[in-house]
Amino acid sequence: MTLLYMFFGLIVGAGVIGLVFFSSKKGLSVKWYDWLMGVIGVLLLVFTIQNAVTALEEEQRTASGMYLVFPGIISLILLVVAALSIMRHPKSTPS
């Protein structure tokens, strides 16, 4: 199970690095509150997945579903709001 979490951490880290390179290459203007919403959304999503998997291992199907629904939806809303906010900012001009 530890290997699964390590692999998941590598995927999240690679995603963040890819997002930074993508935003700098496209010239997107990312504000501090966009980063904050994104980080909180990713942390909440990781929390949701970890607790849902653990509840499934303990054969608590109802608890696993509740973990996926309540914090999962909130994390997805935060991530979508952050993405839409970044897309609506005017592009920064390269120096």
Side-chain angles (χ1 to χ4, degrees):
M1 191 46 104
T2 304
L3 187 61
L4 173 70
Y5 294 137
M6 186 175 79
F7 182 68
F8 189 68
L10 288 173
I11 289 174
V12 169
V16 169
I17 291 171
L19 186 64
V20 169
F21 283 134
F22 176 77
S23 65
S24 66
K25 184 176 180 182
K26 293 290 184 180
L28 296 175
S29 174
V30 183
K31 305 291 184 194
W32 66 269
Y33 48 85
D34 298 330
W35 284 112
L36 183 65
M37 277 192 295
V39 166
I40 291 172
V42 167
L43 289 176
L44 194 57
L45 186 64
V46 169
F47 169 79
T48 300
I49 292 171
Q50 189 269 331
N51 282 323
V53 168
T54 303
L56 276 177
E57 286 177 355
E58 295 177 0
E59 299 179 6
Q60 301 293 326
R61 302 201 192 289
T62 304
S64 176
M66 292 298 159
Y67 277 122
L68 288 174
V69 170
F70 293 110
I73 289 175
I74 294 170
S75 68
L76 292 178
I77 289 171
L78 280 172
L79 290 171
V80 167
V81 167
L84 290 175
S85 176
I86 291 171
M87 285 187 225
R88 290 179 188 242
H89 290 307
K91 295 187 177 195
S92 61
T93 57
S95 305

**Which residues share a side chain to side chain contact (heavy atoms under 4.5 Å, CB included) with Val46, sequence neighbours left out** = Phe8, Val12, Val42
**Prompt:** Can you list the residues that meet the side chain to side chain contact (heavy atoms under 4.5 Å, CB included) rule with Leu19, with sequence neighbours excluded?
**Reply:** none
**Request:** Specify the closest pair of heavy atoms between Val53 and Tyr5, including all atoms of both residues, with the distance to one decimal.
**Result:** CG1-OH, 4.3 Å
**Request:** Identify the two heavy atoms, one from Phe22 and one from Leu28, that lie closest to each other, and give their separation to 0.1 Å.
**Result:** CE2-CD1, 4.3 Å
Give the cluster check for [X] versus [Y]: same hydrophobic cluster or not, with ILVMFWY residues linked at side-chain heavy-atom distances below 4.5 Å.
X: Leu43; Y: Val81; result: no
X: Val16; Y: Val80; result: no
X: Ile73; Y: Leu78; result: yes

**Message:** Donor-acceptor check, side chain of Ser75 to backbone of Leu44, threshold 3.5 angstrom: yes or no?
**Reply:** no
**Request:** Could you tell me whether the side chain of Ser64 and the main chain of Gln60 form a donor-acceptor pair under 3.5 Å?
**Result:** no
**Message:** Please tell me whether Thr54 and Gln50 have a donor and an acceptor in their side chains that are separated by less than 3.5 angstrom.
**Reply:** yes
**Request:** To the nearest 0.5 Å, tell me how far Leu79 CG sits from Leu84 CG.
**Result:** 11.0 Å
Tell me which donor-acceptor pairs under 3.5 Å the side chains of residues 30-38 have, and how far apart each pair is, sequence neighbours excluded?
residue	atom	partner	partner atom	Å
Asp34	OD1	Ser85	OG	2.7
Asp34	OD2	Lys31	N	3.3
Asp34	OD2	His89	NE2	2.8

